[in-house]
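Beneath this line is the structure, given in structure tokens, with notes to follow.
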Amino acid sequence: MSDRKLKYLFNPDQKDPKTLKAEFVVRTAIFEQIFADIQEDTMQNPPQHYMLLGQRGMGKTTMLLRLKYAVLDDEKLSKWLLPILFNEEQYSMPDLASFFEHIAKLLAEDHPAYESLLEEMRKHEFEADYDQKAFEVLVEYLKKNEQKIIVFHDNFGQFLEKIGKTATHRLRNILMNSPYIRLIGASATLLEHTFDYKEPFFDFFYQIRLKGMTADETILLFEKLAENEGKAEYFAEILKTERPRIEVMRKLSGGVIRTMVMLFDVFIDNEKQDSFKDLEAILDRVTPLYKHRMDDLKPQQQLIVDAVARAWDAVTVSEIAELARSERQGLKTNQISAQLKQLVDNQVIEIEPRTTGRTHLYRLQERFFNIWYLMRYSTRQDKQRVIWLVRFLEGWCNTKDLKQLFERFDNNLEKGTYELSTVFDRALAYSMVENDEVLGEKIRVLSNAIFYLLEKQGNESDIFILKNRFDEISTDIELKSFFGIREGVKNNIMRIYSLYSVEKDSFIKEFLSIIVFTIYDYLNDEYSPKKENIQEVNFELVLCDSIINILINNIEEGIEDLEHIIHIYQYNYSKLSEILISQLLLLLIAKKQLHTPYKLFREHPELTQQLKPIYYLTMEYLKDEYPNDYLKAGEELRETIEELKERVKWFEENLS
């Protein structure tokens, strides 16, 4: 991405208005809602004021700019309504009087009738109620010119904190009673002033939360960006096969517009790459911004952010203290709470707003910042959690190009394009992909990576880890002829058919046939399922038995089979086993057997990490018993959890 494009990405006010309007293709419904109110209200009475809430990069500044340009473009509105745009950072506004002075300066820049406004205001500069007098002078000028103003104020929350509660009360009174000013503000945090009944602006603004883009909005944005760069046909062609990669990154980034615009350049320039490569490329581009954010923090705050980032999910103050080993640093929990308040005010950390009781839950506000931190500064164990998440999302997105991905890895090794640390990270991650159809490729990737690191004198501990991983795969899984065990597997499938041949429920029969065909697809390769013996293949068939037992309400027997497999096999499953276990857990939730998945997740932390969205879905159903646990889930998991919830509803409806 060029320096020019990066400048516009972080400073949209410097972009040409025509270009900004042309690229404004998401958030259109919100824009139309607010602008319709602006057009219809002639402000004969005090108007409705708005507050846009959303983390950095969600498009708040762009929305304010788009509304400003719409007012200017409207022939009727522009005659009597003057738009005033406050930039995101206003360091020269320490009080309410400077707020009105800044309005006077901006009006004078574009309208000769207001050139003397600031001078008239400052005649009262040393009076006790200067802010009130400054506003009265502003109103006099507006009346004389038969005009009114609409103020678009970015970062409004920090402005309120800066001017203090007394001035905030005065501003509220002005906005509530004057028909000459409308305010549309924006803030990266959920304003305490708007949800605390003790605060001046409690329940005052019409609040609109800007959430992450949907899948359709992301594609729409990319299509517009491609059109603007003359690459519409090219983008349409690569979209036919590469849509899953966009979806992976959208969920990881939480649909943050700024991050997704960065992804567009990576996607359009590297259309044959993969999700990991996209992730690495974007992380490189945001490193200066995020590193600056960390460097600006105080040492104690850096310690707290490190603990919260490594936790990934939302955590309590006591959990932060434990992760940060704060006692050794002489940092008490009340000091952590005080630092957390500052971090929340500075938009680095957010409080989970749905928490009940006194115990707050904290997480990094921007999820991609959290990913960046884990990938750049955490141990390999912490980094693995991001890899698990990518794997889960890729599974949902039906990623089918693993063999091509591994082949590209080998080609890049030959070209020497990777750094040594990258070779280790990717080889280890690829070796953990649970897909038996690429077993041969996994072994090849590991062996090539090991030889490459040996040749380049790479880190000895990295080589040792990869060798152990190679030995695990080679020892535990043996390549065999497909024909050598096919008959045994078919006999077991027929055993399931015979056991339930008398079943009349069409849904159960349909579900059973899906399971069987899934097993056949799993075996349909030049290799066997790559198991040591038939007994290991039977693990999958026992899981099928468990599913059908639960379907026909033999709940206890089905649960017993599931617990037996998980305890014995210790989650060293094939991809098929993972799919079947996921369906089993969703079935149990649909059958109101919530404490069984809860027990399994508690007893097997690896299961929780691998199937984290299902874990948090379980805790959401158990929220009466554990009211805050499900709230720890990051926003990037929310959409996947909702998809799983729909699957549970589907089971409930079909099993009813």
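These numbers were taken from a predicted model, which means no experiment stands behind them.
A donor atom on one side chain and an acceptor atom on the other are not found under 3.5 Å apart for Y234 and E229. No side-chain donor from either of N173 and H169 sits under 3.5 Å from a side-chain acceptor of the other. Donor-acceptor pairing under 3.5 Å is lacking for the side chains of S337 and N334. Q301 and Q342 form a side-chain donor-acceptor contact under 3.5 Å, judged by distance and modelled atom types alone.
Counting heavy atoms from C-beta on, the side chains of V137 and K123 never come closer than 4.5 Å. Residues E319 and K632 have side chains in contact (heavy-atom distance under 4.5 Å, counting atoms from C-beta outward). The shortest side-chain heavy-atom distance between M294 and F369 falls under the 4.5 Å cut-off. Here the side chains of E101 and R122 are in contact, with some heavy-atom distance below 4.5 Å. In this structure, I371 and W312 have side chains that are in contact, with non-hydrogen atoms separated by less than 4.5 Å. Looking at I184 and F152, their side chains come closer than 4.5 Å, going by heavy atoms from C-beta outward. The side-chain heavy atoms of V256 and F368, taken from C-beta on, include no pair separated by under 4.5 Å. A heavy-atom distance below 4.5 Å is not found between the side chains of E223 and V25.
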Could you give me the CA-CA distance, side-chain angles and deciding distance for Q339 and I336, then say whether side chain to side chain contact (heavy atoms under 4.5 Å, CB included) is met? CA-CA 5 Å; Q339 296 293 345; I336 292 176; 5.8 Å; no

Candidate pair I304 and I349, rule side chain to side chain contact (heavy atoms under 4.5 Å, CB included), full reasoning: CA-CA 10 Å; I304 292 169; I349 284 177; 4.3 Å; yes

Decide yes or no on side chain to side chain donor-acceptor pair (under 3.5 Å) for E23 and N228, but give the supporting numbers first. CA-CA 8 Å; E23 293 178 355; N228 291 348; 3.2 Å; yes

Before giving the answer on side chain to side chain contact (heavy atoms under 4.5 Å, CB included), spell out for R66 and K21 the whole-Å C-alpha distance, their side-chain angles and the decisive distance to 0.1 Å. CA-CA 7 Å; R66 183 67 188 91; K21 288 185 284 186; 3.7 Å; yes

Full working for ring-ring contact (aromatic ring centres under 6.0 Å, His included) between F99 and F159: CA-CA 9 Å; F99 172 79; F159 170 67; 5.4 Å; yes

Check step by step if salt bridge (charged side-chain N to carboxylate O under 4.0 Å, His left out) holds for R354 and E620. CA-CA 12 Å; R354 297 168 294 172; E620 185 168 343; over 6 Å; no

Go through the steps for L171 and L160 under the test side chain to side chain contact (heavy atoms under 4.5 Å, CB included), then give the verdict. CA-CA 9 Å; L171 178 58; L160 293 184; 4.2 Å; yes

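With salt bridges taken as basic N to acidic carboxylate O contacts below 4.0 Å, none links K251 and E642. Salt bridge R250/E247: present, at least one basic N to carboxylate O contact under 4.0 Å. In this structure, E136 does not pair ionically with K133, as no charged nitrogen and carboxylate oxygen lie closer than 4.0 Å. Between R376 and D284 there is a salt bridge, with a side-chain nitrogen of the basic residue lying less than 4.0 Å from a carboxylate oxygen of the acidic one.
With values rounded to the nearest 0.5 angstrom, I238 atom CD1 is found 11.5 Å from R243 atom CZ. Considering CG of L138 and CD1 of I174, their distance stands at 9.5 Å, rounded to 0.5 Å. Atom CG of L303 is separated from atom CG of L297 by 11.5 Å, given to the nearest 0.5 angstrom. Expressed to the nearest 0.5 Å, how far CG of D154 lies from OG1 of T61 amounts to 3.5 Å. Taking CZ from F156 and OH from Y50, the interatomic distance works out to 16.0 Å, rounded to the nearest 0.5 Å. Note that OH of Y69 and CZ of F24 are 12.0 Å apart. Values are rounded to the nearest 0.5 Å.
Within a 6.0 Å sphere centred on CD of E125, other residues, nucleotides and ligands contribute more than 12 heavy atoms. Atom NZ of K645 has more than 12 neighbouring heavy atoms from other residues, nucleotides or ligands inside a 6.0 Å radius. Open room surrounds NZ on K143; 12 or fewer heavy atoms of other groups in view lie less than 6.0 Å from it.
T287 places a side-chain N or O within 3.5 Å of a backbone atom of L283 that can act as its donor or acceptor partner. For the pair D129 (side chain) and Q132 (backbone), a donor-acceptor distance under 3.5 Å is absent. For the pair H153 (side chain) and G185 (backbone), a donor-acceptor distance under 3.5 Å is absent. Panel note: side chain H102, backbone F86; no donor-acceptor pair is recorded below 3.5 Å.
In terms of the salt bridge (charged side-chain N to carboxylate O under 4.0 Å, His left out) criterion, D74 has no residue partners (sequence neighbours excluded). D37 is linked by a salt bridge (charged side-chain N to carboxylate O under 4.0 Å, His left out) to R182, counting only residues two or more places apart in sequence or in another chain.
Summarising the geometry of Q365 relative to E350, their closest heavy-atom pair is CG-OE1, 3.8 Å, with the distance given to 0.1 Å. S178 and P47 make their closest contact through O-CD, 3.7 Å (heavy atoms, listed as atom of the first residue, atom of the second, distance). When every heavy atom of S78 is checked against every heavy atom of L72, the shortest pair comes out as CB-O, 3.7 Å. Residues V308 and V315 come closest through the heavy atom pair CG2-CG2, 4.4 Å. The two residues N145 and A113 come nearest to each other via the heavy atoms OD1-CB, 3.4 Å. When every heavy atom of R170 is checked against every heavy atom of D131, the shortest pair comes out as NH2-OD2, 2.6 Å.
Note: Y373 and Y377 have tilted aromatic rings, judged against thresholds of 30 and 60 degrees for the angle between ring planes.
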Give every donor-acceptor pair under 3.5 Å between a side-chain atom in residues 213-222 and any protein atom, sequence neighbours left out.
residue, atom, partner, partner atom, Å
T214, OG1, E217, N, 3.2
E217, OE1, T214, N, 2.9
T218, OG1, T214, O, 2.9

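Here the rule is side-chain contact (heavy atoms from CB on, under 4.5 Å) with Y616, and of D629, D313, L631, T640 only D313 fits it. Only one option out of L77, I150, L107 pairs with L82 in a side-chain contact (heavy atoms from CB on, under 4.5 Å); it is L107. The side-chain hydrogen bond (donor to acceptor under 3.5 Å, both in side chains) with Y114 is formed by just one residue from the set Q147, E120, K105; it is Q147.
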